[in-house]
*Asks:* 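This is the structure, below, for whatever I ask next.
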Amino acid sequence: MPLKNSSNNVFYDEYRCFNNNMYEKHEYRKRKDSDLKLNESKKKSSTFHSNEKRKHRRSSSFHTNKKPEFDDARLFCDDCNKYYENICPHHKQSYIPDRKISKSSLKYSNRKSDLTCPDGFIIKPSTIHKAGNGIFTTKQLERNTFFGPYIGIRHSNFKSAQESGYAWSIADKNGKMIYIIDGNDPDNSNWMRYINCPNAIEQQNIQPVQYDRNMFYKTMRRIYPGEELFVYYGDDYARFLDYFRPRKLPGNVIVEIFINDLIALIKQNKNLKLDNLLCDQAFRTAQRCAKKKQISHTSVTDLKYQEKFQAEYIFRSDQLMDAKTMYNLLEKHIKTENELINIRQLGIGGASTSDLSMNYYVLRIYPVQIL
Ligand SMILES: C[S@@+](CC[C@H](N)C(=O)[O-])C[C@H]1O[C@@H](n2cnc3c(N)ncnc32)[C@H](O)[C@@H]1O
């Protein structure tokens, strides 16, 4: 089982928001004592890992985080588009800590992970066929509700983490893995180990947030009672789940786009700026990345299921490139079956990019009709 790789850097924005409509405006509200204080709660909630000494106070983010300014010692507010030392003082955010394990609760279950499940959540069989258990809400959660940290054994055995299916990778600001948090053992993990990966983009409702070298989850939208929680595990797992299989598009055209090829190609091209190019957040829409002034790719998982529009990549160039140049640059990297795919439109991005001074390019790939 692939290692969960939060291909997202939560701090970067909001990453995985494939759907901007999800975002609701929250009124300004002063932070109450009950609001999120991750730094404090995290220390308490990880106590049953006595062997896990927190060596690093300063954090970084998870995985392939190329953003130099990325620093997981702070929290990113996607409404303000900036970092704060703790939760955002301007937008409503809240935090649900793990349930404390009491001696009396041990008679109901000997699985420590299960006992940490807070009020408002239950563990029961997932809606995903053969996925085992999942976590469901029993009460409404507002957007920007945090929980965590994800508890597990810390190690750096990549292979065993890959096989685990319950492991998150924690990385420094350069994307280098620091350690793995592996929740495979139900006695050395918490309830968050039961949260499954969505089978479709639309199902994702929480996102991982690396903060102070721990992994937290944050709701991406309001979640209603009875919904199952889903967090995107990362591209590797998506590949495992077959997200990246060639997709049937309208007109029976099959297209397979390899984002790594595209990235490699862009890297080779001197005209293209590479700083902050990659976000590795497969669920983040290009539009949203542009809004946050974060250059990003969108991957095959971002396919928009509209009749014509099939995939979108966004990147930045120092020089204005004409469509033909861009076409030539990218052409080889659109793998097709029977050469049925063509790039029909290439242009400078739409509304979300027009307010930016940099040159953002949006590549849109459309299927062509079968002849
Ligand atoms: C972090 S655990 C999630 C909890 C797990 N369902 C359980 O009952 O312990 C990850 C494992 O759940 C299963 N899983 C998660 N998402 C899945 C999905 N979309 N499809 C199939 N299995 C999934 C896989 O077995 C995976 O290794």
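In each ligand, atom 1 is the first atom listed, and ligand 1 is the first ligand listed. Reckoned from all heavy atoms, side chains included, excluding hydrogens, waters and symmetry mates. Throughout, numbering of the chain's residues begins at 1 and tracks the sequence.
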*Asks:* Tyr194 to ligand 1: N or O pair under 3.5 Å?
*Replies:* no
*Asks:* Should you measure from each heavy atom of Asn199, which atoms of ligand 1 turn up under 4.0 Å away?
*Replies:* 18 (C), 19 (N), 20 (N)
*Asks:* Where the closest heavy atom to atom 3 (C) of ligand 1 is concerned, which of Val231, Asn133, Asn196, Ile123 has it?
*Replies:* Asn196
*Asks:* List the residues meeting side-chain hydrogen bond (donor to acceptor under 3.5 Å, both in side chains) with Thr219, not counting sequence neighbours, and say none if there are none.
*Replies:* none
*Asks:* Answer with yes or no whether the side chains of Thr127 and Glu228 bring together a donor and an acceptor at under 3.5 Å.
*Replies:* yes
*Asks:* If we ignore angles and hydrogens, is there a donor and acceptor under 3.5 Å between the side chains of Ser113 and Asn190?
*Replies:* no
*Asks:* Is the closest heavy-atom distance from Phe230 to ligand 1 below 4.0 Å?
*Replies:* no
*Asks:* My understanding is that only residues two or more places apart in sequence, or in another chain, count here; which of them pass ring-ring contact (aromatic ring centres under 6.0 Å, His included) with Phe121?
*Replies:* Phe147, Trp191
*Asks:* Check whether Val231 and Ile122 end up in the same hydrophobic cluster, where Ile, Leu, Val, Met, Phe, Trp and Tyr are linked by side-chain heavy atoms less than 4.5 Å apart.
*Replies:* no
*Asks:* Within the structure, does Ile195 bring an N/O atom to less than 3.5 angstrom of an N/O atom in ligand 1?
*Replies:* no
*Asks:* Which class fits the ring pair His90 and Tyr84: parallel under 30°, tilted 30 to 60°, perpendicular over 60°?
*Replies:* perpendicular
*Asks:* Looking only at distance, does Tyr150 have an N or O less than 3.5 Å from an N or O of ligand 1?
*Replies:* no
*Asks:* Give the atom numbers and elements of ligand 1 that come within less than 4.0 Å of a heavy atom of Cys197.
*Replies:* 15 (C), 16 (N), 17 (C), 18 (C), 19 (N)
